[in-house]
There are 2 protein chains.
Amino acid sequence: MNKYPHSTRILVALDCLVFGFDGEELKLLLIKRNFEPEKGKWSLMGGFLEAEEDLEVAANRILYDLTGLKDIYFEEIKTFGKVGRDPVERTISICFFALINIHDHNQDQAKAQNAYWIDLKNRPGLIFDHNEMVNMALEQLRYKAALHPIGFELLPEKFTIPQLQKLYEAIYDTPLDRRNFSRKILSTKLLIDTGEKNQNSTTKKAILYRLDKEKYQSQFNAFHNFMSDAMI
Amino acid sequence: MNKYPHSTRILVALDCLVFGFDGEELKLLLIKRNFEPEKGKWSLMGGFLEAEEDLEVAANRILYDLTGLKDIYFEEIKTFGKVGRDPVERTISICFFALINIHDHNQDQAKAQNAYWIDLKNRPGLIFDHNEMVNMALEQLRYKAALHPIGFELLPEKFTIPQLQKLYEAIYDTPLDRRNFSRKILSTKLLIDTGEKNQNSTTKKAILYRLDKEKYQSQFNAFHNFMSDAMI
DNA sequence: TCGAATTGTGTAAATATAACACAATTTATT
DNA sequence: AATAAATTGTGTTATATTTACACAATTCGA
């Protein structure tokens, strides 16, 4: 079984960040641990890679266990591998982040994991190196969202331009000019006017758009040059 | 010792790409394997993570064994973890790339590993998923080099603007306008005129510049907006 | 009916990019 | 010594993009 006899086998974990957006703030789905180690403290959702399981399959499994969702958008951040990062036993952890529509997941599943949506800005300290993971994930999210249309993963299927702007303002924690934002978003030609308007408004009702999924797949580069470089 | 009793421990490898630049083409330091498995075929340089070794330390160790260099610039690409990727035994591999000055490494050390500089464009097929690793590394190098001044890692300490242009043309496999390139590079204010000129020229001798290391550290974002977005 | 809040669209100035021309330097050649 | 060929340094101009604004339209409640 062990064909590379002189090498050490090591525990391989996966830790995932799940981002959500409530219309105002970026949120993270965090675990209030009711298990050891570090019971009672906050952490990311994690799990171990199994012997006969592809890494990608494991990521999907862990995301499913937390949210009840399949085919979620996720991407790897990096692998954390300091010797003492998990005090229980040497464990390396492959960290990744996922983006979901905050209203679109299985609440029972999250409850079963003791998971809560926490404001990214007001999050508690996390165990191990999970704080560093969050910092790197946010950096990578900002980087990626400036160049690629991944922000839509956080919104409902139909959304308004002002909603999209609020999302980008939350991601980059900065105000954006309404008029320039609108022009730039529309210039990507990735938005389709549904003909409907947002009825949940007490003032002028904004147009509801949906993403042009085909262009979104084929022109994944359409967002290049989207956010000003200073924000990346 | 095994405190997480129900989980499987897995071999953790590191595979590294070492990029070099000979003045004309991007090169990769590849291994002609004189060991099993896949003896006689070409692969990336690799090694296993040891029980009491930080991931970053392991990367530096493997790079040192190959090049004799320390403190090389490197960054992680991603972790490859398909079940059958190594037919000998389940192994996940953390893949990373390094950038070195091709004239600046220990030839004996490379020879001891049976390593050769191979034109990126004319590289042979590699074992396992190493071809995919090279593709992803090249993508990430292009991505990063457009936004950050990492290309300099591939050049000698003193270099000319035409040399730098040839490097960027090799990275993006595209011709660039000499005059616009020069203006854009100089506008970053990261280049210091050494007062010397490149004597290895049979025509007009170009000015030798060196990188302003302090700005390079503090203004790591100076390159944002450097390469046109179409190239990323 | 009016005012407050919000949304959609427009415009002009500043900046950046792209596509060019031309002069200066260096060596080999005549 | 003059000249040609190759290369380098420095413009210049037209176009495109970005920024910083103004103004009109919609919606609802006072």
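Chain identifiers are assigned alphabetically (A, B, ...) following the order of the sequence lines, protein sequences preceding nucleic acid strands; residue numbering begins at 1 within each chain.
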Could you tell me how far apart [X] ([atom1]) and [N] ([atom2]) are, to the nearest whole angstrom?
X	N	atom1	atom2	result
B:L186	D:dG9	CG	P	9 Å
B:L176	C:dA18	CG	C1'	12 Å
A:F181	C:dG10	CZ	P	19 Å
A:K205	C:dT7	NZ	C1'	12 Å
A:N198	D:dT26	CG	P	17 Å
A:I207	C:dT9	CD1	C1'	11 Å
A:D193	C:dT9	CG	P	9 Å
A:K197	D:dC28	NZ	P	11 Å

Residues A:D173 and A:K121 bridged, charged N to O under 4.0 Å: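 So A:D173 pairs with A:K121 through a salt bridge.
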Should B:D129 and B:K82 count as an ion pair when the cut-off is N to O under 4.0 Å?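 Judged by the 4.0 Å cut-off on N to carboxylate O distance, B:D129 and B:K82 do not form a salt bridge.
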Does a side-chain N or O of A:K204 approach OP1 or OP2 of C:dG8 to a distance below 4.0 Å, or not? no
Which one, [options], comes nearest to the side chain of [X]?
X	options	answer
A:D177	D:dC21, C:dA21, C:dT9	D:dC21
A:R183	D:dT27, D:dT8, D:dT19	D:dT19
B:T203	C:dA19, C:dT27, D:dT7	D:dT7
B:R178	C:dA5, C:dT9, D:dG9	D:dG9
A:R179	C:dT7, C:dT9, C:dA5	C:dT9

Compare every heavy atom of B:Y168 with every heavy atom of B:H148, then report the nearest pair and how far apart it is.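 Answer, listing the atom of B:H148 first, then B:Y168: O-OH, 4.3 Å.
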Heavy-atom neighbours of A:K166 NZ exceed 12 at 6.0 Å: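 Incorrect, the count does not exceed 12.
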Parallel, tilted or perpendicular: which describes the rings of A:F152 and A:F159, with under 30° parallel and over 60° perpendicular? tilted
